[in-house]
Amino acid sequence: MLDFYFSYRGVLKRLRSGALGGEMDRLAEHFFTLGYKRASAKCYLSRIAHFSQFAATRSGPMPILQDVVDSYLRTFTTDSPRIGAVSALGHARRVALERFIVSVPNKEDDPDAPLLASFSDYLRRVRGLEPKTLEGVLLGGRRFLDWFHHHHPRQNLEMLTAEHVLAAAEHRLSLSATSSSRTAATSHIRTFLRFLYWAGHHRQDLACLVPRTPSWRLAHLPPRLAWDDVRQAIDAIGATTPVDIRDRAVLLLLATTGIRNGELRAIRLKDIDWRTGEVFVRRTKGKRDRVVPLLEETGAALADYILRARPKVDSPYLFLSFKPPLGPFTCASPVSRIVRKRLRHGGVELGRVAGAHLLRHSLATQLVRQRRPINEIADLLGHRSINTTALYVKVAASQLAEVALPFPGGAV
């Protein structure tokens, strides 16, 4: 496979020598499979070959130690080539992990590691939290431990008192700027204290001592766009490039179904029922799969994307990245960038919040203004409680005025 990128025998001989010489053809196939451009793949292969020669003088045929990698990176005096080398070595590790000796972190450096591992297992198995939620709660537990060790060194958790809990909560609240972050901070402390009692690390359940902070969920209107602005942004997307075709399909699907960022990324090709005009949505926030309607315009945009623009790679997911490595979106940022980019190009002024959820809020607001039943909107958005959907009723001021009772005694 290396012959696809390089043709000179001398170059091929040099690339296939060194500590990673036997893996270079696998690496070349790796870059080809991921859809890297020819010039980019050659650049990566050359960087790996340069490291391979360096490692051969220090490791020979033996596995490559982390010290060898660190010594190689120190040979660069500027950031740009060092960053390129780190990226190239990342590919080498993924393809030929057996050629590297991965250093195992010393658990003595983090004495709280066993406790936090047990806490993580508790959150996953007992509480049933999703990975993203689990990370936030676990971070809250670590911050509580860091505060306790800093203010009360050489004391174990059995010495934890109510005064300690209140002081730790006061400290976390002083660092929180919004009502939602304050609520999350105290909730995380409360969960960690319940775990300490449940796991036998403390004889009392101190969670009840953590003060509750008010967070009025319906106090503010959700960020939203006028439906004409959403329509204007979608109509401004051309159909000349594969990226344009994909982005138009993304915005139409988000704007007409109200699905979340993660739900869009999880859609597979088999989840689209073209005959019934429905999309099966997986991995919802409420842990329940649901079905959303596929409008004719959205279905046509999806079909156009699949037939004309979707990268020809073996992936079951619907939406794929056009940047190497070609494949599904692994995080929320790319989808949010697509939404922001297309809204700005459509002449829409954006505030601080602009992503897939902005289109979700805009759709819900539009449906309320069209006097659609609130339970129908809740089913479309996948809300477990209709109280969550009731937030959007606040934007229908004209409809609220119709049901308002007259002021006693007449107008003043």
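- The shortest side-chain heavy-atom distance between Asn261 and Val339 does not fall under the 4.5 Å cut-off.
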Distance-only criterion, 3.5 Å: show the donor-acceptor pairs between side-chain atoms of residues 294-303 and protein atoms not counting sequence neighbours.
residue	atom	partner	partner atom	Å
Glu297	OE1	Arg231	NH1	3.0
Glu297	OE2	Arg231	NH2	2.7
Glu297	OE2	Arg248	NH2	3.2
Thr298	OG1	Thr256	OG1	3.1

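- Ring geometry, Phe119 versus Tyr122: the interplanar angle falls under 30°, so the pair is classed parallel (tilted spans 30 to 60°).
- Counting all heavy atoms, side chain and backbone alike, Ala255 lies closest to Val230 at CB-CG1, 4.0 Å.
- Listed for the Arg310 side chain is no donor-acceptor partner under 3.5 Å among the backbone atoms of Leu320.
- Side-chain contact of Arg14 with Ser17: a donor-acceptor pair under 3.5 Å is absent, judged by distance alone.
- Contact of the Leu45 side chain with the Met24 side chain is registered, since non-hydrogen atoms from C-beta on lie closer than 4.5 Å.
- Counted within 6.0 Å of CE on Met1, heavy atoms from surrounding residues, nucleotides or ligands total more than 12; the atom is thus considered enclosed.
- Separating the NZ atom in Lys270 from the CG atom in Leu318 is a distance of 13.5 Å, to the nearest 0.5 Å.
- Here the side chains of Gln232 and Asp228 are not in contact, with every heavy-atom distance at 4.5 Å or above.
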task = For the pair Leu116 and Arg142, evaluate side chain to side chain contact (heavy atoms under 4.5 Å, CB included) and give the outcome as yes or no after the intermediate values.
result = CA-CA 7 Å; Leu116 290 172; Arg142 176 178 286 280; 3.0 Å; yes
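- The aromatic rings of Phe192 and Phe144 are tilted relative to each other, their planes meeting at an angle between 30° and 60°.
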ask   = Yes or no on side chain to side chain contact (heavy atoms under 4.5 Å, CB included) for Leu380 and Glu376, after CA distance, side-chain angles and deciding distance?
value = CA-CA 6 Å; Leu380 177 65; Glu376 180 182 316; 6.0 Å; no
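- Rounding to the nearest 0.5 angstrom, the gap separating the CD1 atom in Ile338 from the NZ atom in Lys341 is 8.0 Å.
- Partner Ile259 forms a side chain to side chain contact (heavy atoms under 4.5 Å, CB included) with one of Leu363, Leu359, Val281 and no other, that one being Val281.
- With sequence neighbours excluded, no residue forms a salt bridge (Lys or Arg N to Asp or Glu O under 4.0 Å) with Arg58.
- Crowding of Phe322 atom CZ: a count of heavy atoms from other residues, nucleotides or ligands under 6.0 Å exceeding 12.
- Here the closest heavy-atom approach between residue Ala169 and residue Val210 is recorded as CB-CG1, 4.5 Å.
- Taking 4.5 Å as the limit, some side-chain heavy atom of Leu73 sits within range of a side-chain heavy atom of Val86.
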request  = I would like to know whether Val69 and Phe51 meet side chain to side chain contact (heavy atoms under 4.5 Å, CB included); could you show each step before the answer?
outcome  = CA-CA 8 Å; Val69 177; Phe51 168 77; 3.9 Å; yes
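- Side-chain rings of His30 and Tyr44 stay apart, their centers remaining 6.0 Å or farther from each other.
- Counting heavy atoms of neighbouring residues, nucleotides and ligands inside a 6.0 Å radius, atom CZ of Arg203 does not exceed 12 of them.
- Taking every heavy atom of both residues into account, Pro211 and Leu166 meet most closely at CD-CD2, 4.2 Å.
- Here the options are His149, His150, His151, the test is ring-ring contact (aromatic ring centres under 6.0 Å, His included), and the partner is Trp147; only His151 passes.
- A salt bridge links Arg124 to Asp121: at least one charged side-chain nitrogen sits closer than 4.0 Å to a carboxylate oxygen.
- To the nearest 0.5 Å, the span separating CG on Leu264 from CG on Leu254 amounts to 5.0 Å.
- The CD1 atom of Ile237 sits 7.5 Å away from the CG atom of Leu252 when rounded to the nearest 0.5 Å.
- Remark: side-chain polar atoms of Thr186 are paired, donor with acceptor, to backbone N or O of Arg182 under 3.5 angstrom.
- When ring centroids are compared, Tyr305 and Phe319 come within the 6.0 Å threshold.
- A donor-acceptor pair is defined here as one N or O able to donate and one able to accept, closer than 3.5 Å; no such pair exists between the side chain of Glu278 and the backbone of Asp273.
- If you look at His50 and Tyr72, their ring centroids are closer than 6.0 Å.
- Within the 4.5 Å cutoff, no side-chain heavy atoms of Thr183 are placed close to those of Ser176.
- Here the side chain of Ser87 pairs no donor or acceptor atom with the backbone of Ile83 at under 3.5 angstrom.
- Counting heavy atoms from C-beta on, the side chains of Arg94 and His91 come closer than 4.5 Å.
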request  = Let me see the working for Arg172 and Arg143 under side chain to side chain contact (heavy atoms under 4.5 Å, CB included), right down to the final yes or no.
outcome  = CA-CA 9 Å; Arg172 290 307 311 164; Arg143 286 171 172 169; 3.3 Å; yes
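- A donor-acceptor pair under 3.5 Å links the side-chain atoms of Ser362 to the main chain of Leu225, judged by distance alone.
- Under 4.0 Å is where a charged nitrogen must lie from a carboxylate oxygen, and between Asp205 and Arg190 no such pair does.
- Taking 4.5 Å as the limit, every side-chain heavy atom of Val95 sits out of range of all side-chain heavy atoms of Glu23.
- Minimum interatomic distance between Ala55 and Ile64 (heavy atoms only, all atoms of both residues): CB-CD1, 4.1 Å.
- Here the closest non-hydrogen pair linking Gly18 and Ala56 is CA-CB, 3.8 Å.
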Pair Arg82-Asp79, salt bridge (charged side-chain N to carboxylate O under 4.0 Å, His left out): steps then yes or no = CA-CA 5 Å; Arg82 186 186 301 110; Asp79 291 338; 2.8 Å; yes
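- Closest approach of Pro63 to Ile101, counting heavy atoms only: CB-CG1, 3.5 Å.
- In terms of modelled atom types and a separation under 3.5 Å, the side chain of Ser52 and the main chain of Ala19 share a donor-acceptor contact.
- If you take CG on Leu123 and OG on Ser118, they are separated by 9.5 Å, rounding to the nearest 0.5 Å.
- To the nearest 0.5 angstrom, Phe4 atom CZ is 10.5 Å from Lys42 atom NZ.
- Judged by distance alone, with hydrogens and angles left aside, the side-chain atoms of Tyr317 form no donor-acceptor pair with the main-chain N or O of Phe329 at under 3.5 Å.
- A salt bridge links Arg16 with Asp25: at least one charged nitrogen is closer than 4.0 Å to a carboxylate oxygen.
- Put simply, the side chain of Arg342 never gets that close to the backbone of Ile234: no donor and acceptor are under 3.5 Å apart.
- Judged by distance alone, the side chains of His188 and Thr191 never bring a donor and an acceptor atom under 3.5 Å apart.
- Annotation for Lys312: atom NZ counts as buried by contact number, over 12 foreign heavy atoms lying within 6.0 Å.
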